[in-house]
Amino acid sequence: MMSISEAMKPEMIGKTVQLHGWVYRIRSSGKLSFIILRDSTNIIQLLASADSLGSDAYRELSSLTVESSLEVTGTVRDDKRAVTGYEVAIKTYRIYQKNEMFPVSKDLGEEFKLDNRHLWLRSREFTAMLKVRSTVFKAFADFYYNENYYQVQAPMMVATATEGGSTLFKVPFFGEEVNLTQSSQFYLETFIFSLERVFTIAPSFRAEKSRTWRHLTEYWHAEMEAAWLNNEDMMKIEERMIEYIVEEVLRNNRPELELLKRDIGVLENIKVPFERIKYSELIKKAQDFGMNLKYGDDLGADEERGIMNHFQKPVFITDYPTSLKAFYHRQNPENPSEILCHDLLAPEGYGEIIGGGERIWEYDELVRRIKESGMNPDDYYWYVDLRKYGSVPHSGFGLGLDRLVMWILHLPDIKEAIPYPRTIRRTKP
RNA sequence: GCCGUUGUAGCUUAGUUGGUAGAGCACCCGGCUGUUAACCGGGCGGUCGUCGGUUCGAAUCCGACCAGCGGCGCCA
C-alpha cells in the first residue's frame with residue numbers, strides 16, 4: 001500500500017501500485033470511467049475501462065458515488081489529461097463502502113458547511129487549512145524548544161479570573177462551581193521561578209457574547225512567560241517567532257498555500273524587525289491614519305484596520321494607558337499612567353493577534369492594582385504569593401493561534417481557521 | 001448588551017403591481033472510449049419557517065410567534 005503522493009513520482013511510471021482512499025469526483029462514459037481518488041496526501045485519476053475489467057466490474061465501479069471508500073491496484077502512467085498529471089489504470093479493486101449520497105457538494109452556504117463541518121473537513125480546501133494549522137502549532141512549540149524553553153500545562157478548571165469575572169464560564173463541580181480558564185498566564189508565572197522560561201498551548205474560554213469574524217468562545221491560546229525579560233525583550237522574541245512560523249509554513253505548505261490561493265509574496269515579506277509605535281504617538285498620528293481618536297480611547301476594529309492599511313508587516317502598538325488593560329500589567333515607573341505592554345497587530349486588516357508585556361513583580365504594586373480593579377487580593381493569594389518569595393522582573397504574552405492561522409491563510413472568518421468552532425451560538429458538530 | 005437582516009426541494013437559488021411554484025447541483029435510469037465543476041436525454045424531490053388575518057385568490061400584503069445569519073463592543 002502506498003500514498004497517492006508516493007505514487008505520483010516519475011520513477012513509479014509503469015509500476016503496479018496499490019492505493020486506498022475515497023472517491024473525490026467521478027465521471028463516466030459508456031466504456032470509460034474516471035474516478036478521482038483522494039487520500040490525505042493528494043488526489044489522482046483512476047481509469048476504469050470496461051474492456052479490461054469486464055462489464056460487471058465496470059458497472060460497479062462507474063456507479064460509485066462521491067466519498068465512497070475503496071482500494072485499487074493498477075499501473076501508473078503519466079498523462080497530461082489527468083487532473084494531477086498521473087493516472088492509474090485499475091486492474092483489481094475492493095469497495096469498502098458505496099455511499100447513498102454525500103451531503104456536501106459544490107455551491108454550499110456558510111451555515112450548511114458549518115453544520116456539516118465533520119464532513120466538510122474532507123474537502124481539499126479544509127484539508128489544506130488543517131495541514132497549515134498543524135505546521136503553525138508545531139512551529140510555535142519548536143521555536144521555543146529551540147530557545148530552551150520548557151513546555152508546561154496549566155489547569156483548565158480554575159477558581160480565579162484572569163481577564164475579568166464577567167466572561168467566565170461556570171461549570172458544576174461536586175456541588176460547587178468552578179470556572180473554565182480564560183488564560184493560563186497566571187499559572188505560567190508560577191513556573192518561571194523554577195523553569196525560568198516556559199510556554200504552553202491550551203484552549204482558553206471566554207463567555208463574551210461576541211458575534212464577530214474574529215472571536216471564538218473556545219480558542220487555542222499559545223502563551224509564554226519568562227523571568228528576567230522586559231517588554232522590549234519580549235517584542236524581539238515575538239517578532240522572531242512570527243517570522244519563524246511563517247517561514248515554516250512557506251517551507252512545508254507550498255501546495256496548500258497555492259491551493260488556497262494565498263499571496264505568497266506577502267508571507268515572504270514577513271521579516272524582522274517589525275515596527276513599534278507607542279500608543280501616545282499613534283494618537284498624535286491618528287489624523288494621518290484617517291481616524292478620530294483621542295488619548296484614552298481604545299482601538300476598535302475600524303481603528304486597527306485603519307492603522308494596518310499603512311503596513312505590510314505586523315506592527316507592535318506599545319505603552320497603552322493603564323486604564324485600557326488588565327490589572328497585572330506593570331506600570332512604567334517613569335510614567336505610571338502607562339504600562340509596559342504591547343499588542344501585535346497583523347497586516348491585511350487582521351488586527352490583534354498577540355497581547356503581552358511586563359508583569360507586575362513587586363508585592364505592594366500588585367496588591368494595590370488588584371484593589372483598584374475592584375477585586376479581592378485573597379482570591380489571588382497564590383498569584384500574590386509569587387511576589388513575596390524571590391520575585392523577579394518577568395514578561396510574557398498570549399497569542400491567538402486561530403487568529404494567526406486565519407491571517408497566514410488570509411481567511412475571511414476565524415471559523416474557517418479551526419475545525420470545530422465554538423461560538424455563542426454553535427456547539428455542534 | 002446595542003444595531004441590522006433572512007427563512008422557497010437534500011444543497012445553491014429564481015419567482016414581475018397578489019393569478020396553476022421554476023432552474024442548477026446531488027441522487028436514480030438511459031446514451032457516449034479521454035473526462036477535468038464532463039456532456040446529452042429522462043426521472044425522483046416543495047404544507048414556500050409556523051399560526052392567524054385581508055382577499056374570489058397569498059411564496060408575494062398585514063400581525064404574532066419560532067429559527068437562523070451579519071456588524072459593533074469585549075478580547076487573542
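In what follows, chains carry the letters A, B, and so on, assigned in the order in which the sequence lines appear, proteins first and then strands, with residues in each chain numbered from 1.
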Applying a 4.0 Å non-hydrogen cut-off, can you work out what [X] is touching in the nucleic acid: base, sugar-phosphate, or nothing?
{"X": "Ala301(A)", "answer": "sugar-phosphate"}
{"X": "Leu404(A)", "answer": "nothing"}
{"X": "Ile354(A)", "answer": "sugar-phosphate"}
{"X": "Glu110(A)", "answer": "nothing"}

Identify which nucleotide among [options] has an atom closest to any side-chain atom of [X], counting heavy atoms from C-beta outward.
{"X": "Arg27(A)", "options": "A76(B), G70(B), U35(B)", "result": "U35(B)"}
{"X": "Leu32(A)", "options": "G34(B), C72(B), C32(B)", "result": "G34(B)"}
{"X": "Lys98(A)", "options": "G1(B), C28(B), G68(B)", "result": "C28(B)"}

Could you let me know what [N] is paired to, Watson-Crick or G-U wobble, both distances under 3.5 Å, or none if it's on its own?
{"N": "U5(B)", "answer": "G68(B)"}
{"N": "G73(B)", "answer": "none"}
{"N": "C11(B)", "answer": "G24(B)"}
{"N": "A59(B)", "answer": "none"}

With no angle test and no hydrogens, is the base of [N] tied to the side chain of [X] by a donor-acceptor pair under 3.5 Å?
{"X": "Thr212(A)", "N": "C72(B)", "answer": "no"}
{"X": "Arg77(A)", "N": "G34(B)", "answer": "yes"}
{"X": "Arg403(A)", "N": "C75(B)", "answer": "yes"}
{"X": "Glu87(A)", "N": "G34(B)", "answer": "yes"}

In whole Å, I'd like the distance from the CD atom of Glu111(A) to the P atom of A67(B).
15 Å
How far, in whole Å, is G53(B) from A59(B) if one measures between their P atoms?
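A59(B) and G53(B) have their P atoms separated by 15 Å.
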Presence of salt bridge, Glu225(A) and Arg359(A), under 4.0 angstrom
yes
State whether Arg276(A) and Glu239(A) are salt-bridged, where the test is any N-O pair (Lys NZ or Arg NE/NH1/NH2 against Asp/Glu carboxylate O) under 4.0 Å.
yes
Using the ring of each side chain (for Trp, its six-membered ring), is Tyr279(A) parallel, tilted or perpendicular to Tyr320(A), with breaks at 30° and 60°?
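Plane angle between 30° and 60°, so tilted.
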Partners of Thr16(A) by side-chain hydrogen bond (donor to acceptor under 3.5 Å, both in side chains), sequence neighbours excluded?
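With sequence neighbours excluded, Thr16(A) shows a side-chain hydrogen bond (donor to acceptor under 3.5 Å, both in side chains) to Lys91(A), given in chain and number order.
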